[in-house]
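Shown next, in structure tokens, is the structure this report addresses.
Along the sequence shown, residues are numbered consecutively beginning with 1.
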Amino acid sequence: MSNAQMENQQPLLKIRGLTKEFRQGNDRVKAVRQMDLDIYKGEVFGLVGESGCGKSTFGQMLVHLLDPTSGTIRLAGEDITRPPRRERKDLCKRMQIVFQDPYSSIDPNKTIGWLVEEPLKIHGIGRTQKERDEKVGKVLQAVGLDDSYRTRWPNELSGGQRQRVAIAIALILDPEFVVCDEPVSALDVSVQAQVLNLLLDLRKEFGLTYLFISHDLNVVSYMSDRIGVMYLGSLVELGDSEAISRMPLHPYTEALFSASMDVEGDRERIILTGDLPSPANPPAGCPFHTRCVACTDRCKAERPLLREFEGGRFCACHRVEERTGLKPVAAPEQKEEKTE
């Protein structure tokens, strides 16, 4: 989906100032900080970053497995930030999630047919058993499993087959939006491509919109129309997938590309040293400065804001103009972080 196409439509999801804090002893740890993001109908938005950066927490807030500390979430214009309990059930039909581990995300004590059909019973969909059976059969077929899988048990399936079952469970309610949280990281490399291509096919067949979460920028680039790069709870880069692959703006994004694929042309291999800082004790200034090869004194003292640059690119780095020649579109407003 191009930038021009997105400019002509309203976002399916509009997220503003989304923040999540957890208590750790006497401290309040910000796992997600003031996230602003629009996700458009029909696109795959990729969210990438190291383990512990807050990307899964962000995804779980969107589908209400976690409540945000502050900020707003709108779905097709409707405020769904903190829906009443009676409305959460209806939202489950519109928003689903596929988890990382296919071995722990489905009940091993139920048959595949029972697992896929159960959401229909919970939501009262299908007037007869025949109607529900037909819907289960269609969804199983869509994910590449024939009718014989209805009577099989999870422990009889491979990891890839289990993940296909998890995808079928997510799709049985005909959702608009699906969070895919590291859906292939627990699978063998030979199976990963099959599941990724399946997700892309299902996107077209069912008219889905995805938030695709991964630590692997190579996988995210393959899957996504746009990419958001997350570091220590915040977005540090945002833009078109092809543009980010061609010329990453943030040093952290460059390092992720170095780690996930062969460096091409004149790109220098970047070795990311040190561990992700603790969100309980984040560094002053730019949160990435403790690991950044391009760090300056300004980086150590002043936190960069996510600014828009030419070509619809966004980056939170003081040195974008100097390093790339891109000019900022406008200066962003400073946000005051709030808690509730």
* Could you tell me whether Glu321 atom CD has more than 12 heavy atoms of other residues or ligands within 6.0 Å of it? => yes

* Under the side chain to side chain contact (heavy atoms under 4.5 Å, CB included) test, which residues partner Ser241, sequence neighbours left out? -> Ser221, Ile227, Ser245

* **Under 3.5 Å donor-acceptor, Ser214 side chain and Val219 backbone** => no

* Asked: So Asp201 and Arg164, salt bridge (Lys or Arg N to Asp or Glu O under 4.0 Å) or not? Walk me through it.
  -> CA-CA 13 Å; Asp201 290 342; Arg164 289 172 186 266; over 6 Å; no

* Asked: For the atom pair CG (Asp67) and CZ (Arg82), what is the distance rounded to the nearest 0.5 Å?
  -> 7.5 Å

* Measure the CZ-CE distance between Arg323 and Met247 for me, rounded to the nearest 0.5 Å. => 10.0 Å

* Asked: By side chain to side chain contact (heavy atoms under 4.5 Å, CB included), which residues pair with Asn155, not counting sequence neighbours?
  -> Trp153, Arg162

* Same cluster for Val293 and Leu256 if Ile/Leu/Val/Met/Phe/Trp/Tyr side chains link at under 4.5 Å? -> no

* With a 4.5 Å limit on heavy-atom distance, are the side chains of Leu187 and Gln194 in contact? -> no

* Glu310 side chain to Lys327 main-chain N or O, any donor-acceptor pair under 3.5 Å? -> yes

* **Closest non-hydrogen atom pair, Pro83 against Leu91** => CG-CD1, 3.6 Å

* Structure fact -> Sequence neighbours excluded, the answer for ring pair (Phe, Tyr, Trp, His ring centres under 6.0 Å) partners of Phe212 is none

* With the side chain counted from C-beta on, respond yes when Pro283 and Leu232 share a heavy-atom pair under 4.5 Å apart, and no when they do not. => yes

* In Å and rounded to the nearest 0.5 Å, what is the CD to CZ distance from Gln96 to Phe177? -> 11.5 Å

* **Hphob cluster co-occupancy, Val29 + Phe58, side-chain heavy atoms under 4.5 angstrom** => no

* Asked: Please walk me through it: do Thr81 and Thr72 pass side chain to side chain contact (heavy atoms under 4.5 Å, CB included)?
  -> CA-CA 5 Å; Thr81 312; Thr72 59; 3.7 Å; yes

* Residue pairs fulfilling ring pair (Phe, Tyr, Trp, His ring centres under 6.0 Å) with at least one residue in residues 284-320, sequence neighbours excluded -> Tyr231-Phe288, His250-Phe288, Tyr252-Phe288

* So, are Lys135 and Asp174 salt-bridged, with charged N and O less than 4.0 Å apart? -> yes

* To do: Considering non-hydrogen atoms only, spot the tightest contact between Val320 and Thr324 and give its length.
  => O-OG1, 2.7 Å

* **Leu62 and Leu18, any side-chain heavy atoms less than 4.5 Å apart** => yes

* To do: Using the test side chain to side chain donor-acceptor pair (under 3.5 Å), find all partners of Gln129 that sit at least two apart in sequence or belong to another chain.
  => Glu117, Arg132, Asp133

* Can you list the residues that meet the side chain to side chain donor-acceptor pair (under 3.5 Å) rule with Glu87, with sequence neighbours excluded? -> none

* Value rounded to 0.5 Å, distance of CG in Asp216 from CD in Gln192 -> 7.5 Å

* Report the C-alpha distance between Arg226 and Asp38 in whole Å, list the side-chain angles of each, state the deciding distance to 0.1 Å, and finish with yes or no for salt bridge (Lys or Arg N to Asp or Glu O under 4.0 Å). => CA-CA 11 Å; Arg226 291 187 301 142; Asp38 292 338; over 6 Å; no

* Using a 4.5 Å cut-off on heavy atoms from C-beta on, say whether the side chain of Leu13 contacts that of Met95. => yes

* Structure fact -> All heavy atoms of Ile106 vs all of Pro154, minimum pair found to be CD1-CB, 4.1 Å

* Asked: Distance-only, no hydrogens or angles: does the Gln161 side chain make a donor-acceptor pair with backbone N or O of Leu157 under 3.5 Å?
  -> no

* Which heavy atom in Gly59 sits nearest to a heavy atom in Ile213, and how many Å separate them? -> CA-CD1, 4.1 Å

* Contact check, side chains of Lys20 and Lys30, non-hydrogen atoms, under 4.5 Å -> no

* Side-chain contact, heavy-atom cut-off 4.5 Å: Val98 with Gln163? -> yes

* Specify the closest pair of heavy atoms between Leu202 and Leu208, including all atoms of both residues, with the distance to one decimal. => O-CD1, 3.7 Å

* To do: I would like to know whether Tyr210 and Asp225 meet side-chain hydrogen bond (donor to acceptor under 3.5 Å, both in side chains); could you show each step before the answer?
  => CA-CA 10 Å; Tyr210 290 141; Asp225 300 297; over 6 Å; no

* To do: To the nearest 0.5 angstrom, please state how far the SG atom of Cys286 sits from the CG atom of Leu305.
  => 11.0 Å

* To do: Quick one: which residue pairs count as a salt bridge (charged side-chain N to carboxylate O under 4.0 Å, His left out) with a foot in residues 138-149, not counting sequence neighbours?
  => Asp147-Arg150

* **Residues Leu12, Leu75; criterion side chain to side chain contact (heavy atoms under 4.5 Å, CB included); working and verdict** => CA-CA 6 Å; Leu12 176 65; Leu75 176 65; 3.9 Å; yes

* To do: State, with a plain yes or no, whether a side-chain heavy atom of Leu37 is found less than 4.5 Å away from one of Leu47.
  => no

* To do: Look at the side chain of Thr19 and the backbone N and O of Gly17, then say whether any donor-acceptor pair between them is shorter than 3.5 Å.
  => yes

* Asked: Which atom names give the shortest non-hydrogen contact between Ile97 and Gln60, and what distance separates them?
  -> CD1-CG, 4.4 Å

* Are Glu118 and Lys110 close enough, and set up right, to give a side chain to side chain contact (heavy atoms under 4.5 Å, CB included), and what steps lead you there? -> CA-CA 10 Å; Glu118 182 64 5; Lys110 304 294 184 181; over 6 Å; no

* To do: Please examine the side chains of Val229 and Val236, heavy atoms only from C-beta on, and report whether any two atoms are closer than 4.5 Å.
  => yes

* **side chain to side chain contact (heavy atoms under 4.5 Å, CB included) partners of Asp101, counting only residues at least two apart** => Tyr103, Ser104

* **Partner residues of Arg74 under the side chain to side chain donor-acceptor pair (under 3.5 Å) criterion, sequence neighbours left out** => none

* Pairs satisfying side chain to side chain donor-acceptor pair (under 3.5 Å), at least one member in residues 175-186, at least two apart -> Ser56-Asp181, Arg94-Glu176, Gln100-Ser185, Glu182-His215

* How far does CD1 of Ile172 sit from CD1 of Ile122, to the nearest 0.5 angstrom? -> 12.0 Å

* Check ring pair (Phe, Tyr, Trp, His ring centres under 6.0 Å) between Phe45 and all other residues, then give those that pass, not counting sequence neighbours. => none

* Asked: Going through the checks in order, is the side chain to side chain contact (heavy atoms under 4.5 Å, CB included) test met by Ser234 and Arg303?
  -> CA-CA 11 Å; Ser234 301; Arg303 185 184 184 95; 3.0 Å; yes

* Can you list every pair that meets salt bridge (charged side-chain N to carboxylate O under 4.0 Å, His left out) and has a residue in residues 276-296, with sequence neighbours left out? -> Glu50-Arg291

